[in-house]
Protein chains: 2
Amino acid sequence: MKVNDDKIEIDGIDKEILRFLMEDARKPILEIARKIGISGAAIHQRLRKLEQSGLIAGSKFIINPKVLGYTTMAFIGIYLDKAMRNPEAVKQLRKIPEVLECHYTTGNWSILAKIICKDNEHLMNLLNHKIQSIEGVSRTETFISLAQQIDRQISI
Amino acid sequence: MKVNDDKIEIDGIDKEILRFLMEDARKPILEIARKIGISGAAIHQRLRKLEQSGLIAGSKFIINPKVLGYTTMAFIGIYLDKAMRNPEAVKQLRKIPEVLECHYTTGNWSILAKIICKDNEHLMNLLNHKIQSIEGVSRTETFISLAQQIDRQISI
DNA sequence: CGTGAAATCGATTCCAC
DNA sequence: GTGGAATCGATTTCACG
């Protein structure tokens with residue numbers, strides 16, 4: 001899909017529509033229409049515009065990992081050997097389903113990853129057997145999330 | 001909504017349904033029904049079960065912050081004074097819309113936050129004027145995300 | 001568990017205004 | 001922007017297997 005990164009005009013009505021759908025992607029359009037006093041057709045027109053602008057990147061069902069027994073979230077700072085090409089390490093990380101996010105970062109590490117595990121033992125096995133064994137990974141630093149207090153998107 | 005954290009049975013059909021909807025929350029149920037060879041009513045029954053189990057935590061439209069000019073993501077490790085009650089700091093962080101995630105973590109910091117900014121200047125202002133000025137924050141360490149390579153949910 | 005049908009409502013597009 | 005028409009999907013309910 002083409003993305004126009006420039007000249008996006010978002011008015012207050014667009015924001016109201018988006019705020020509803022960012023909370024619940026399946027909220028009925030006609031219900032939103034009634035709440036903000038606009039026709040359903042107008043909402044559809046605006047949503048098409050917002051999709052074409054690239055502002056709406058899609059929609060997702062959100063899964064609660066705790067219900068599947070995944071109760072341990074952690075951030076892993078990864079040191080890579082200078083010789084190692086970072087993309088190869090990322091390719092290996094992508095194969096590990098527990099890795100939810102992976103960023104090239106400034107600062108101490110080459111890569112910062114966010115991972116989800118069932119428990120501390122699972123986390124330890126992941127670190128020792130899967131992440132540490134990636135070629136080029138020299139060292140890792142682990143920060144376990146004891147509790148996530150904020151989880152949201154950009155405010156519009 | 002009540003959440004049953006135990007005795008959740010997810011079979012292969014549930015997983016197929018969820019995989020579709022985790023990619024696109026507005027994918028037509030009947031389209032999913034046709035693809036996996038089951039009736040629409042059966043999908044609805046399973047979705048009700050999955051919602052009641054708490055596994056489905058909701059659905060969201062995903063907004064692309066870049067289109068709004070937010071191009072700089074960063075992780076901030078926050079050191080808090082021992083005397084400071086952490087919840088008060090979180091309360092202040094919650095008021096800062098640029099803060100997308102906030103975790104109590106093991107390790108060096110008290111808190112690890114993920115934030116989104118328009119640019120480095122915006123990030124600097126946020127750090128100097130909003131985060132550093134929170135009572136109890138003694139020091140911060142900033143890791144700018146140069147590129148996010150992986151962004152996904154738990155695999156089911 | 002599953003189905004198919006009915007009923008009601010929403011989604012989506014199109015069009016005339 | 002609007003409303004109406006048309007077509008399709010969403011959702012629930014139900015009788016049935």
Side-chain angles (χ1 to χ4, degrees), chain A residues 1-4 6-69 153 156, chain B residues 1-64 67-68 153-156:
Chain A
M1 185 192 301
K2 191 133 1 138
V3 175
N4 304 318
D6 43 21
K7 286 179 287 190
I8 311 300
E9 297 293 338
I10 313 288
D11 68 10
I13 295 176
D14 290 328
K15 290 181 182 177
E16 286 192 80
I17 297 168
L18 287 173
R19 278 193 278 258
F20 279 118
L21 292 172
M22 288 169 73
E23 284 302 309
D24 176 5
R26 292 184 84 96
K27 181 176 274 286
I29 303 297
L30 293 183
E31 191 180 322
I32 300 173
R34 285 189 295 268
K35 287 194 180 181
I36 67 183
I38 200 177
S39 72
I43 307 249
H44 282 289
Q45 288 170 23
R46 285 169 177 270
L47 282 176
R48 252 196 309 281
K49 179 198 70 178
L50 292 169
E51 278 165 16
Q52 285 165 356
S53 77
L55 178 56
I56 297 177
S59 63
K60 295 185 190 305
F61 261 52
I62 306 301
I63 298 302
N64 180 359
K66 289 196 174 82
V67 177
L68 297 177
Q153 291 190 70
I156 59 170
Chain B
M1 187 191 301
K2 200 153 324 160
V3 175
N4 305 319
D5 276 20
D6 42 21
K7 286 178 286 186
I8 311 300
E9 296 294 337
I10 314 288
D11 68 10
I13 294 178
D14 290 328
K15 290 181 183 178
E16 286 191 82
I17 297 168
L18 287 172
R19 277 194 278 258
F20 280 118
L21 292 172
M22 287 169 74
E23 284 301 309
D24 177 5
R26 291 185 85 96
K27 181 177 273 287
I29 303 297
L30 292 184
E31 192 180 321
I32 299 173
R34 283 189 295 268
K35 287 193 179 182
I36 68 183
I38 201 177
S39 72
I43 307 250
H44 283 288
Q45 287 171 26
R46 285 168 177 271
L47 283 175
R48 249 196 312 281
K49 179 198 69 177
L50 293 169
E51 278 164 18
Q52 285 165 356
S53 78
L55 178 56
I56 295 178
S59 63
K60 295 185 188 305
F61 261 52
I62 306 301
I63 298 303
N64 180 359
V67 177
L68 297 177
Q153 291 190 70
I154 194 172
S155 53
I156 59 169

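Numbered from 1 within each chain, the chains take letters A, B, ... in sequence-line order.
Proximity of A:Arg48 to the phosphate of C:dT13: a side-chain N or O atom is located under 4.0 Å from OP1 or OP2. Phosphate contact (OP1/OP2 of C:dG4, side-chain N/O of B:Ser39, threshold under 4.0 Å): absent.
Of the candidate nucleotides C:dC14, C:dG10, D:dT11, C:dG10 has the atom lying nearest to any side-chain atom of A:Arg34. Each of C:dT3, D:dT2, C:dA11 was ranked by its minimum atom distance to the side chain of A:Pro28; first place goes to C:dA11. The side chain of A:Arg26 lies closest to D:dT11, out of C:dG4, C:dG2, D:dT11. Ranking D:dT12, D:dA10, D:dT2 by closeness to the B:Leu30 side chain, first place goes to D:dA10.
Look at CG on B:Leu47: it is 12 Å from P on C:dG2, rounded to the nearest Å. Here the P atom of nucleotide C:dA11 and the CZ atom of B:Phe61 are 11 Å apart, to the nearest Å. As rounded to whole Å, 16 Å separates atom C1' of D:dA10 from atom NZ of B:Lys27. Summarising the geometry, the separation between CD1 on B:Ile17 and P on C:dC1 is reported as 12 Å, rounded to the nearest angstrom. Rounded to a whole Å, the CD1 atom of A:Ile13 is 6 Å from the P atom of D:dG1. Rounded to whole Å, the distance from CD on B:Glu31 to P on C:dT12 is 12 Å. Rounded to whole Å, atom C1' of D:dA10 lies 13 Å from atom CD of B:Glu51. When rounded to the nearest whole Å, the span between NE2 of A:His44 and C1' of C:dA11 equals 5 Å.
Nearest approach of A:Ile36 to A:Ile17, heavy atoms of both residues: CD1-CG1, 3.8 Å. Shortest non-hydrogen contact noted between B:Met22 and B:Ile154 is CE-O, 3.4 Å.
Here CG of B:Leu55 is found 9.5 Å from NZ of B:Lys49. Values are rounded to the nearest 0.5 Å. One finds the CG atom of A:Asp24 at 11.0 Å from the CD1 atom of A:Ile62 (value rounded to the nearest 0.5 Å).
A salt bridge links A:Lys27 to A:Glu31: one of the charged nitrogens lies within less than 4.0 Å of a carboxylate oxygen.
Nucleic acid contact class of B:Gln45 (heavy atoms, under 4.0 Å, all strands): base.
With DNA chain C read from its 5' end, the first of the two nearest nucleotides for B:Lys49 and B:Ala41 is the one closest to B:Lys49.
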